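Here the structure is a predicted model, which is why all the values come from computation and not from measurement.
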Amino acid sequence: MVVTRFAPSPTGYLHVGGARTALFNWLCARQAGGTFILRIEDTDQKRNTPTAAQQVMDDLRWLGIQWDEGPEVGGPNGPYLQSQRMDIYDKYIKKLLEENKAYYCFDTTDELDAFRKEAEAQKRSFSYPRPQEFPGESDVEKAKAQGRDVTVRFAVPQDVPLEITDIVRGEITFAPGEIGDFIIQKSDGFPTYNFACVVDDYLMKITHVIRGQEHLMNTPGQQALWKALFGDSQLPKYAHMSVTISDSGGKLSKRERPKTLRNAIKARQEIEAGKLTEVAGIAPEELESFIKGKATPDMPAIDAMAEYLGIGLPEINIVDFFKSGYLPETMVNFLALLGWNPGDNREIMPIGELIESFDLSRLSKANSLFDRKKLLSFNMEHIKMTPPEKVLEHFRAYLKTVNSPVNSAEDELLSKIIKLCEGTRTLVDMERKSRFLFLDNNEIQYDEKAVKKVLLKSDGLAVLAIVREKLAAMEQLTEQGIEDMLRSLAEEKQVGLGKVAQPLRVAICGTTVSLPIFESVQMLSKENTLARIDITLKKFAAEN
RNA sequence: GGCCCCAUCGUCUAGGUAGGCCUAGGACACCGGGUUUUCAACCCGGCAACAGGGGUUCGAAUCCCCUUGGGGCUACCA
C-alpha cells in the first residue's frame, strides 16, 4: 500500500513549486492505487495566516488534486492540522527526554549566534556543543526563573556516518558529526518541522516522502530521529525532487511579484501615491517603505496596485495562473513534465494518462526552468482537447472572477464563442475577443492605432459606408450572407477581403482583434452592427 | 566559509543504471516560406547541445577523477 502526503505550511497562496510537490505525491498515490494525505503544518504561529489553509485547499481542488485524508474530508489518522496534535508531540518529546535521547537547552539567540560565528571563522560546519551531562527538570525550573527560554534538542548520533537512500539521488552519506543536534521543541512549546514531520509521517503510515531538494539536508537528521523513536519500522522511502527556477532569472519565488511591481513604480516619472495607497488600501508610509524595498504589503494589495497601473506580474501562485486564463488541466500537465517524463515522446497528456504513466524512478535530478512560453502552448493544446462543456465551466469561473460582461451570455452563445476561439491560447484572450458583443453600442473603446491604420488610411471610412448600405439592404443577416456580401464587394473593388472586413471589425469592436468577422456581425445583430457603424462614421468623419 | 546535490540544443527533455543501435531523438521558442477576414491557429523547411580537461576502453554523451559553473541547506521557517 502506497501512502503519500502533501504537507504545506499555511503561509499564503499555493505556489507553483508547492503545487508540483503536491501533484507528484498525488500522482504517485493514484498510480499505485494508494492514499494521498493532506496535512497542514501550522506549527509556526508567527507565519501562519488564517485564510491560507483554505486558499491552499481551494487551489488544490481547482487543480483536481483531491486528498483522501485531511482537513474537511477527515480520515483515520487525524487531526490533520499539526496545531491540533500538540498532545501527541508532547508525548514523544517526553519519551525522548526520558530515554536520554533528547535534552533541554537554555541558550539565547545571541549565544547561538556567537557559536555559529566562531564555527565559520574556523572554517568548519556548525554543530551544537552537546553538554556532557543533560540538564534535569530542576535546571529547567531554574532557567525559567531566570527568564531564559527552554528548548529541547534531539541528540543526533555523532559517532557513525548517517546514510540515506534517495529514489532519485541514490545513496548519500554524511560524515560522523556532520549533522548536529537540532531543536525539536521550540520555547513556545510547539514542535519544530523536523520533529512533527517525523512523528506524523510515522503515525500516518507514510510510505513515500516526496518533496523538494531543499529538504535533502533535513533527511539524515529526520531519519535518525525516526530510528530513535520507532526503530526501523515503516521507514519511508525518500524522493527529493529537483527545484524549479524562474525564467526571469533566479529562483521561482513569491518575491518576484512584489519585485516586478516595485520596479514598475520606480520606473514611472510620476508616482500617483495617493491613488496607489487608495486602491491598495495601505498607509502612505507602507507604500513608501515598499518602494524603498524595506517592506512588502500583502498580495491583494500588490495585485490591486498592479491592476491599477496596468502592469502584468509574473505568475507565481496557482491563482495567478487561473487569473491569467490557464486551464487546470494545462497546469497539471505542465507541472508534471517539470522534472519528470513518461519515457517516450508524449508531452500533451490528459490527467488519466499522467496517472497511468507516472513512475518515481523517472524523476530527473537537474533543476528546471519554468518556461511560460511553453506553458502557453500547452494551454492552447488543452483548450483544444478538453471537452467543450468542461472548457465552458472553466471559462465561466474565469469570467466570474474578473467580473466580465461576457458572463451575461447564455450557455449556448458562450459555447459558440468557445468554438470560434479554436487556437486561442488563454481564457483571457477569449474574453478579449468576445467582449465587444456584450457592451452597449456607445461603450466601444476605439483603439487609436486600429483607427488610424484601418479607418483613416486609404479609404477605410468610404468602404465602411458602402458596407453599411449593403448590410442595411440585407433582409436577414446570416453568416453565409455576410460572407458572400463582403467577398463580392472585395472582388468588385479588386482588393483583398481584409480591406473590406477590417473597417467593419473596427467599427463593431473598436480593435483589429476579435472573433471571426462573419459570425461576429451575425451574433451582434443587424441593428447593433448598423448602429455601431453609424457611430463610427460620425465620430471619425471629421478627422478624415 | 562548511556540507550536500546537479550539469545534453535558448528552454523542457530522450539517451546514462546493463559503453557500440547517437553522423544525439522529440517538444516549446526562434528563423525562412506557404495559407489567411484580425489575433491566433494551421502546413512545409531550417538553425541549434553532450561545460572544460584528464583518464579507463578496441570504442564514452554514457564509467572514474579534477576544474569550472549552477542550485540547495547552513533558523526556536517549513
Side-chain angles (χ1 to χ4, degrees), chain A residues 7-11 41-44 46-47 82 105 107 109 112-113 116 119-127 149-153 166 168-170 172-175 178-180 182-194 196-197 211-220 240 242-243 245 247 250-251 334 337-348 361 364-378 380 384 421-425 429 432-433 450 454 483 486-487 490 496-502 504-506 509 511-518 520:
Chain A
S9 67
T11 54
E41 309 218 324
D42 54 348
T43 54
D44 185 357
K46 289 182 287 288
R47 292 209 316 166
Q82 289 188 327
C105 291
D107 313 86
T109 312
L112 252 18
D113 282 348
R116 289 196 191 93
E120 191 166 339
Q122 291 176 190
K123 299 191 178 194
R124 58 176 174 80
S125 44
F126 168 74
S127 154
D149 286 341
V150 179
T151 57
V152 177
R153 272 178 202 267
D166 187 274
V168 337
R169 285 158 219 285
I172 303 164
T173 306
F174 297 83
E178 195 56 56
I179 308 296
F182 54 91
I183 292 182
I184 55 177
Q185 186 175 50
K186 301 184 252 185
S187 58
D188 62 3
F190 276 81
T192 58
Y193 159 74
N194 276 315
C197 168
R211 59 198 351 181
Q213 196 203 84
E214 64 270 22
H215 292 292
L216 191 56
M217 297 297 282
N218 291 144
T219 310
H240 288 92
S242 55
V243 300
I245 318 285
D247 58 1
K251 195 181 163 193
F334 188 79
L337 255 34
L338 235 42
W340 176 83
N341 69 80
D344 47 44
N345 283 337
R346 281 178 298 163
E347 287 204 325
I348 302 295
S361 72
S364 63
K365 299 176 188 176
N367 292 168
S368 47
L369 227 72
F370 193 91
D371 182 359
R372 289 188 173 80
K373 287 205 172 136
K374 187 154 185 168
L375 178 70
L376 219 41
S377 150
F378 266 50
M380 185 199 79
K384 273 188 199 167
C421 280
E422 162 133 10
T424 297
R425 304 165 86 114
D429 290 345
R432 268 196 210 125
K433 283 175 153 190
V454 178
E483 173 164 6
L486 289 173
R487 283 198 193 281
L497 188 52
K499 284 281 181 225
V500 297
Q502 284 301 78
L504 176 58
R505 190 189 302 278
V506 175
C509 324
T511 74
T512 52
V513 178
S514 81
L515 298 173
I517 191 68
F518 316 134
S520 290

Expressed in whole Å, how much space separates the [atom1] atoms belonging to [N] and [M]?
N: B:G45; M: B:G25; atom1: P; answer: 15 Å
N: B:A61; M: B:C28; atom1: C1'; answer: 23 Å
N: B:A29; M: B:A40; atom1: P; answer: 12 Å

Indicate, with a heavy-atom threshold strictly under 4.0 Å, whether [X] touches base, sugar-phosphate, or nothing.
X: A:Ser514; result: base
X: A:Leu375; result: nothing
X: A:Gly339; result: sugar-phosphate
X: A:Ile172; result: sugar-phosphate
X: A:Leu216; result: sugar-phosphate

When you compare the protein's N or O atoms with those of nucleotides 14-17 of chain B, which come within less than 3.5 Å of each other, and at what distance?
| unit_1 | atom_1 | unit_2 | atom_2 | d |
| --- | --- | --- | --- | --- |
| B:A14 | OP1 | A:Asn341 | ND2 | 2.8 |
| B:G15 | OP1 | A:Arg362 | NH1 | 3.3 |
| B:G15 | OP1 | A:Arg362 | NH2 | 3.3 |

Length of the line joining [X]:[atom1] and [N]:[atom2], which is rounded to integer Å:
X: A:Phe378; N: B:U13; atom1: CZ; atom2: P; result: 11 Å
X: A:Glu347; N: B:G26; atom1: CD; atom2: P; result: 12 Å
X: A:Phe518; N: B:U36; atom1: CZ; atom2: P; result: 13 Å

Protein heavy-atom contacts under 4.0 Å, written 5' to 3' over nucleotides 40-45 of chain B as B (base), S (sugar-phosphate only) or - (none), form the string BSS---

Going 5' to 3' through nucleotides 6-11 of chain B and flagging B where a protein heavy-atom sits under 4.0 Å of the base, S where only the sugar-phosphate is that close, and - otherwise, we get SS---S

Counting distance alone, no hydrogens or angles: does the base of B:G2 have a donor or acceptor under 3.5 Å from a partner atom on the side chain of A:Glu178? no

Going by side chain to side chain contact (heavy atoms under 4.5 Å, CB included), name the residues that satisfy it together with [X], two or more places apart in sequence or in a different chain.
X: A:Arg47; result: A:Ser9, A:Thr11, A:Asp44
X: A:Arg432; result: A:Val428, A:Asp429
X: A:Gln185; result: A:Asp90, A:Ile93, A:Val152
X: A:Ser125; result: A:Glu178

Contacts of A:Asp188 meeting salt bridge (charged side-chain N to carboxylate O under 4.0 Å, His left out) (sequence neighbours excluded), chain-then-number -> none

Those residues at least two apart in sequence (or on a different chain) that pass salt bridge (charged side-chain N to carboxylate O under 4.0 Å, His left out) with A:Lys186 are none

Sorted by chain and number, sequence neighbours left out, ring pair (Phe, Tyr, Trp, His ring centres under 6.0 Å) with A:Phe378 holds for A:Phe334

Just the atom pairs and distances: protein N or O near nucleotides 30-33 of chain B's N or O, under 3.5 Å.
none

Just the atom pairs and distances: protein N or O near nucleotides 75-78 of chain B's N or O, under 3.5 Å.
| unit_1 | atom_1 | unit_2 | atom_2 | d |
| --- | --- | --- | --- | --- |
| B:A75 | OP2 | A:Arg116 | NE | 2.6 |
| B:C76 | OP2 | A:Arg116 | NH2 | 3.4 |
| B:C76 | O2 | A:Ser187 | N | 2.7 |
| B:C76 | O2 | A:Ser187 | OG | 2.7 |
| B:C76 | N3 | A:Ser187 | OG | 3.1 |
| B:C76 | N4 | A:Asp107 | O | 3.2 |
| B:C77 | OP2 | A:Lys186 | NZ | 2.9 |
| B:C77 | O2' | A:Asp44 | OD2 | 3.2 |
| B:C77 | O2' | A:Arg47 | NE | 3.3 |
| B:C77 | O2' | A:Arg47 | NH2 | 3.3 |
| B:A78 | OP1 | A:Thr43 | OG1 | 2.8 |
| B:A78 | OP1 | A:Lys186 | NZ | 2.6 |
| B:A78 | OP2 | A:Tyr193 | N | 3.1 |
| B:A78 | O3' | A:Glu41 | OE1 | 2.7 |
| B:A78 | N6 | A:Asn218 | OD1 | 3.1 |
| B:A78 | N6 | A:Asn218 | ND2 | 3.4 |

